[in-house]
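Each remark here refers to the structure printed beneath this line.
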Amino acid sequence: MTLIQKIRDRMALAADQLGFPVAEVAASVRPCGDPAHGHYQANAAMALGKKLGKPPRDVATQLAASVPQDGFLQAPEVAGPGFLNLRLTDDAIAFHLEKMAKSPDLALEQPEKKRRLVIDFSSPNVAKPMHVGHLRSTILGDALARLFRTLGHEVVTLNHLGDWGAQFGILLYGYKNLLDQAAFKTDPVKELARLYVEVRKHFAVDEEEEGEAGDPVRDACRQETAKLHQGDVENLRLWREFMPFCLEDINRAYRRLGVTFDHIRGESFYQPFLAEVAAELEQAKIAEPSQGALVVLFGENEAPALIRKRDGAFTYATTDLAAVRHRTDNFQPTDIVYVVDSRQAQHFKQVFEIARRWGIQGPRLHHVAFGSVLGSDGKPIKTRDGKASTTLEGLLDEAVRLAGTMHAPPEGGEGEKPITPEEAAQVAEAVGIGAVKYADLSQNRTTDYKFNWDKMLAMDGNTATYMQYAYARCRSILRKAGHPDGVPEAKIILGAPEEKFLGVVLLRYAEALESAAEDFRPNVLTAYLWDLAKAYSVFFQNCPVLRAPDEVTQHSRLAMCALTARVLKSVLEILGIRVLERM
RNA sequence: GCACCCGUAGCUCAACUGGACAGAGCAUCGGUCUUCGGAACCGAGGGUUGGGGGUUCGAAUCCCUCCGGGUGUACCA
């Protein structure tokens with residue numbers, strides 16, 4: 001049980017005793033915005049006072065008097081218009097810290113209701129170079145998968161590759177007309193990427209004004225795509241030949257990011273089911289013919305969803321519906337989560353609605369939307385030209401290079417072995433990649449963000465580097481104290497206010513994970529890391545560990561360092577960021 | 001046209017979904033220290049939360065209305 005739940009329970013008891021609405025009082029408990037006011041606060045008295053026709057402060061006073069004094073909470077204090085300020089007792093903090101220190105999983109408890117989540121993320125279009133726009137879905141989805149697994153839920157990760165779309169028409173056209181045979185032999189991935197960019201240069205107009213009059217190259221590409229979908233032998237053969245190269249390309253990026261999937265199932269995987277889906281929808285009168293196409297209609301003001309186009313081809317809505325059903329049947333999930341750009345909001349709204357009408361009721365469907373990556377001009381980054389400056393690989397290389405130039409100490413610290421060149425390279429990799437991930441994850445996912453090299457590569461302030469550094473400092477102290485592999489159990493003594501404060505932040509670990517999972521928001525975790533790192537800094541500054549006044553205090557403080565390190569490591573790993581013993 | 005989203009410090013972003021004086025990081029200015037790891041710490045300045053109205057004990061958050069931006073919208077996926 002998380003701290004806040006324990007507090008809610010006690011507030012509920014108090015409310016029950018007074019005949020106040022229990023749920024309302026319990027729900028009003030929240031962490032204090034300002035630590036000066038306490039650890040937690042309960043805000044129900046104001047609303048309740050109105051309802052009961054009593055002064056809110058009186059209501060708060062009554063509640064305060066009824067809170068069980070069982071050694072967990074200090075006597076609550078009434079403040080302002082009727083806020084109830086709640087503080088844990090020192091004993092409770094120490095007790096729970098000791099419990100956490102003893103527990104191999106930091107006292108996380110198994111969830112009451114175990115969920116099984118299918119998480120669909122990353123899903124790049126293959127055969128196009130990956131760029132920074134793909135970073136968000138990939139990193140977010142990976143972090144969410146790790147988060148739910150850490151919380152004890154079952155997770156199935158899926159990569160819904162765009163492996164059947166128009167970009168293959170471009171590749172097929174390029175292969176047939178512009179291929180550099182020698183280049184293809186030595187480095188097929190590179191040559192395919194070149195072909196993609198090259199062919200697009202022959203398009204008469206930009207993608208934005210697509211569909212206008214005669215564009216011979218584009219039309220030819222479309223025909224190649226159509227032939228592929230109709231099962232043309234030659235095109236299918238080439239598709240099968242290209243796919244491994246394309247996969248190899250994106251897998252390189254995943255390896256570097258440390259991202260894995262349980263299943264890679266692209267659009268092509270669902271191809272065989274599409275006709276059946278369309279037929280079922282039509283038969284059930286969910287979809288109806290219109291202007292030669294098969295569509296699903298919604299309200300007056302909403303555009304219809306296309307299930308089958310006039311030319312007989314199916315759309316991505318159809319593919320997604322086939323996927324919903326396939327996933328539902330195969331995994332019996334409680335939730336299906338789509339980590340996709342918010343520009344797809346209506347698409348998913350429609351797909352979810354059609355799925356509901358279709359009778360798919362088992363899983364809850366979530367569109368975990370995120371904002372676009374914008375260029376420095378505030379306009380969305382275009383994928384079409386795959387400029388080196390915005391390719392994923394270019395970004396990662398630059399981040400690692402930059403991390404390598406930061407002034408690492410020449411030796412690992414007093415009395416320790418110097419850092420080897422190999423170790424330094426690993427540090428640069430972990431710091432560089434970590435910086436890029438953290439920059440993305442620390443932002444509220446719903447807002448657009450302006451792509452900025454300096455911000456992505458920043459290593460001070462609220463960044464991964466700062467957290468990694470805090471971790472390395474903890475570990476260094478522990479090594480010097482002779483405990484490289486953790487500390488023996490110790491009694492926690494909370495003397496200084498800085499120790500108590502750090503203690504409370506540490507105890508909020510489970511709560512931070514729950515809260516992040518609630519709305520699929522990893523930035524809750526980075527905010528927590530920032531709080532923790534700051535609390536540790538203040539502790540570190542004011543509470544000598546190796547030079548502690550006595551042995552009991554030293555053991556207690558070492559235990560606090562060890563616990564801080566474990567929590568930092570756990571949360572960073574949920575975010576897909578590696579920690580380092582030395583840096 | 002219709003629908004959805006956004007506008008917060010010089011810049012980039014938070015604000016636990018209606019709670020206490022709107023907080024951080026950069027940047028700027030000033031300070032700390034014979035470093036339990038200086039990739040550190042402390043402090044200062046900086047705001048009518050785009051404007052106006054409303055609901056509420058209480059609004060960045062909810063409603064209305066302007067202004068400014070974005071995205072999506074019947075045959076790309």
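Below, read A as the first sequence line, B as the second, and so on, with proteins coming before strands; counting in each chain starts at 1. The shown structure was predicted, so the numbers you read here are calculated from the model rather than taken from an experiment.
- For A:Ser290 against B:A74, a side-chain-to-base donor-acceptor contact under 3.5 Å is present.
- For the residue pair A:Asp550 and A:Thr553, a side-chain donor N or O sits within less than 3.5 Å of a side-chain acceptor on the partner.
- Taking 3.5 Å as the limit, the base of B:A39 and the side chain of A:Tyr469 contain no donor-acceptor pair of atoms between them.
- Of the candidates A:Thr526, A:Thr463, A:Asn462, A:Thr465, A:Asn462 is the only one forming a side-chain hydrogen bond (donor to acceptor under 3.5 Å, both in side chains) with A:Tyr438.
- In summary, the side chains of A:Ser515 and A:Glu518 do not present any donor paired with an acceptor at a separation below 3.5 Å, with no hydrogens or angles considered.
- Stems are defined here as 3 or more consecutive Watson-Crick or G-U wobble pairs with pairing distances under 3.5 Å; those involving RNA chain B are B:1-7 with B:67-73, B:10-13 with B:23-26, B:28-32 with B:40-44, B:50-54 with B:62-66.
- Aromatic stacking of A:Phe540 on B:C36: satisfied, with centres closer than 5.5 Å and planes within an angle under 30 degrees.
- When heavy atoms are screened at a 4.0 angstrom cut-off, A:Arg521 is found touching base atoms of the nucleic acid.
- In this structure, a donor-acceptor pair under 3.5 Å is absent between the side chains of A:Ser442 and A:Asn523.
- Rounded to an integer number of Å, the gap from A:Met467 CE to B:G25 P is 11 Å.
- You won't find any donor-acceptor pair under 3.5 Å spanning the side chain of A:Asp531 and the base of B:A24, going by distance alone.
- A salt bridge links A:Arg222 with A:Asp219: the distance from a Lys NZ or Arg NE/NH1/NH2 to an Asp or Glu carboxylate oxygen falls below 4.0 Å.
- Remark: ring of A:Trp164 does not overlap the six-membered base ring of B:A77 in a stacked fashion, as centroids less than 5.5 Å apart with planes less than 30° apart are not both met.
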